[in-house]
Amino acid sequence: MKTSDVILSARKKVRWRILPYLFIIYFVAFLDRSSITYASLGGMDKSLGLTATTYGFIAGIFFIGYFIFGIPGNMILEKVGARRWIGLILILWGLVTLVTAFVQSSFELAILRFLLGVFEAALFPGITLIVTYWVRSADRAAAVALFMIAPPLANSFGAPLATWVITQVHMFLNLDGWRWLFIVVGIPAVLLGFFTFWYLADKPDKAKWLDGDEKKALMDELYLDQKLTSQDNIVGAPMKEAVKNGRVWKMTFINVFYVVGLYGLTFWLPQMIKALSSNFSTMTTGWLTAVPYLLGAIALVLNSHHSDATHERIWHTACGAFVGGIGFMGAALSHNPWISMVFLCFAAIGIYAWSGPYWAITTMMDPRIAAIGLGIVNALGNLGGFVGPYVVGWLKDFTGSQVAAMFFLSGSLILAGLIVLTLRHSDDPVIKVEQEEI
């Protein structure tokens, strides 16, 4: 078999074996992570005496734990391997979600949300690191898109499911519907964790489902790709060099402002939609919430594939942020609930269209600092996940409406897009690799 045929066969196996599984893991993670927003809609706030500000704080405290343990978690993953570490944290965060069903106070809920962030901290940077182990840089936008559609699809699928559980399973075995929601979404994570120990391979050389020729061809291709991304000026310890790397910090600040908008949407969209009209029931809100997320998933895939096809990342990333910002701004300015709904759809489309090209740029860093560098970008960037939900809740309590909060989220996304445009043309990873190969 020709070498080209061998590498194509290896890539195909990776595409169907590794990437769909990463999608499933991330899908389950977002079911657990975002279930609190539907619990809030279904009576949790009333049961535990939460104000909008308190709810926003508790939803966002997830990211404090995420911040503290993001970098150490990714360093552990690189040392012990993806299979064992991801399997373990799946089990742990699934157990935390199950216990959340039985909280009796806002303090207990806050502690468990913090722990959920601790155990999920290494997941996303770990997944992006795994992608660098299996996929060459030129194909990463599409590869990232295959698992990054998990968040919008989890919310699209989860919104009607969650509202159904809240309304139809309410008081079964004397438990509120919102408590059953945490049980329903926690069990799959625990089961998937045990399955991961058997299914996932850390790197190509350990994959039993690749034959010898496929392993060699894939490893040779990835070695050449990593060699082109290595920087000759990195000579010290990975931690020290990652912290000194200007590219790492620029991508981190971009991520902060983007994540403010992302999780402002994630933890508040059902409440935003329900506030549009007094005629929207809980089930109606659930079905309407699914629509922006479904459109966001489609936009993510299309924008990522177009980015790979055109070999351009920067504008594909920035335009996503601008569309998201305009969407929130339009929803804030409109007084018609259905027009506001259309603009919220644009907000979701822009937010999720961003993901593939942005992470294709970000993962294009020297492999010697990748684990720590991606940990910094993700951990510090996700502090925006605390700021966004908390400020939205505070503004809602302070002003009595969602309008100011939507302007805040709009401004953060537009600022993220403007910073992306400051990236140099040479920061586009596909162009850089092509130039090196020439």
Side-chain angles (χ1 to χ4, degrees), residues 20-47 55 58-59 62 90 93-103 109 112-113 116 120 123 147-193 195 262-263 265-276 280-298 300-301 341 344-345 348 351-352 389:
Y21 195 64
L22 296 181
F23 164 83
I24 293 170
I25 292 173
Y26 208 42
F27 184 93
V28 170
F30 256 78
L31 285 179
D32 289 6
R33 187 181 303 186
S34 62
S35 57
I36 192 171
T37 189
Y38 304 106
S40 171
L41 191 68
M44 180 187 71
D45 293 3
K46 184 177 180 181
S47 296
Y55 163 74
I58 291 175
F62 169 96
L90 269 162
W93 93 57
L95 292 174
V96 166
T97 303
L98 289 172
V99 173
T100 303
F102 303 97
V103 296
L109 181 62
L112 289 171
R113 286 293 296 182
L116 187 66
E120 284 195 28
L123 179 65
F147 71 84
M148 283 299 292
I149 59 172
L153 286 182
N155 281 307
S156 182
F157 169 79
L161 173 65
T163 50
W164 182 87
V165 170
I166 288 167
T167 57
Q168 303 302 314
V169 192
H170 182 63
M171 297 313 295
F172 179 66
L173 298 181
N174 206 34
L175 285 177
D176 293 328
W178 66 266
R179 295 184 185 276
W180 274 109
L181 177 60
F182 289 113
I183 295 172
V184 169
V185 300
I187 292 173
V190 176
L191 297 178
L192 194 60
F195 184 71
L262 170 64
Y263 285 105
L265 181 84
T266 300
F267 292 126
W268 283 102
L269 182 60
Q271 292 90 327
M272 288 178 180
I273 290 175
K274 191 170 179 60
L276 295 178
F280 291 166
S281 67
T282 298
M283 277 302 301
T284 300
T285 300
W287 285 108
L288 288 175
T289 300
V291 176
Y293 286 122
L294 183 59
L295 295 174
I298 294 170
L300 192 159
V301 173
M341 184 67 198
L344 287 175
C345 288
I351 284 172
Y352 287 107

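The shown structure was predicted, so the numbers you read here are calculated from the model rather than taken from an experiment. We count residues from 1, following the sequence as given. Side-chain atoms are counted along with the backbone in the values below, which use heavy atoms only and exclude waters and symmetry mates.
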ask   = Do Y55 and L109 have side-chain heavy atoms sitting under 4.5 Å apart?
value = no
So CD1 of I149 and CG of L294: to nearest 0.5 Å the spacing works out to 10.5 Å
**OP:** Flag the pair M44 / V103 as yes when at least one side-chain heavy-atom distance between them is below 4.5 Å, and no otherwise.
**Re:** no
Residues 156-170 vs salt bridge (charged side-chain N to carboxylate O under 4.0 Å, His left out), sequence neighbours excluded, gives none
Check your understanding: Is D176 close to S47 at the side-chain level, that is, under 4.5 Å between some pair of heavy atoms?
Key -> yes
Interatomic distance, OG@S156 vs CG@L161, rounded to 0.5 Å, equals 11.5 Å
CA sep, side-chain torsions, deciding dist, call: Y352, L265, side-chain contact (heavy atoms from CB on, under 4.5 Å): CA-CA 11 Å; Y352 287 107; L265 181 84; 4.1 Å; yes
Minimal heavy-atom distance between L181 and A39, with the atoms involved, is CD2-N, 3.9 Å
Between G193 and L90, the two heavy atoms sitting closest are CA-CB, 3.6 Å
_Audit row: V165, Y38, side-chain contact (heavy atoms from CB on, under 4.5 Å) steps and yes/no_ = CA-CA 10 Å; V165 170; Y38 304 106; over 6 Å; no
Exercise for review: Answer yes or no: is there a side-chain heavy-atom contact under 4.5 Å between L344 and L276?
Suggested key: yes
Given side chains that start at C-beta, do those of P151 and T266 come closer than 4.5 Å, heavy atoms only? no
To the nearest 0.5 Å, atom CE of M272 lies from atom OG1 of T285 at 13.5 Å
Below 3.5 Å, can you tabulate the donor-acceptor pairs from side chains in residues 166-173 to any protein atom, sequence neighbours excluded?
| unit_1 | atom_1 | unit_2 | atom_2 | d |
| --- | --- | --- | --- | --- |
| T167 | OG1 | T163 | O | 2.8 |
| T167 | OG1 | W164 | O | 3.3 |
| H170 | ND1 | G177 | N | 3.0 |

Parallel, tilted or perpendicular for F23 and F27, by the 30°/60° rule?
tilted
Query raised in the report: Under 3.5 Å, is there a donor-acceptor pair between the T37 and S34 side chains?
Result: no
Start with the C-alpha gap between I183 and F102, add the side-chain angles, then the distance that decides, and say whether side-chain contact (heavy atoms from CB on, under 4.5 Å) holds.
CA-CA 9 Å; I183 295 172; F102 303 97; 4.2 Å; yes
- Query: Are N155 and T289 side-chain neighbours, meaning at least one heavy-atom pair lies under 4.5 Å?
  - Reply: no
Heavy-atom nearest pair, A290 first then A159, reads N-CB, 4.1 Å
Looking only at heavy atoms, the pair that brings W178 and G42 closest together is CD1-O, 4.0 Å
dist T282:OG1 -> W287:CH2 (nearest 0.5 Å) comes out at 14.5 Å
Looking only at heavy atoms, the pair that brings Y293 and L269 closest together is CE1-CD2, 3.6 Å
Rounded to the nearest 0.5 angstrom, the CD1-CG distance for I187 and L192 is 13.5 Å
Flag the pair E120 / D32 as yes when at least one side-chain heavy-atom distance between them is below 4.5 Å, and no otherwise.
-> yes
- Message: Surrounding OH of Y21 (heavy atoms of other residues, nucleotides or ligands, distance under 6.0 Å), is the total greater than 12?
- Response: yes
Any donor-acceptor pair under 3.5 Å from R179 side chain to T100 backbone: no
Of all heavy-atom pairs linking W268 and P389, the shortest is NE1-O, 3.1 Å
F62 side chain near Y263 side chain, heavy-atom distance below 4.5 Å: no
So CZ of F195 and CD1 of I25: to nearest 0.5 Å the spacing works out to 10.0 Å
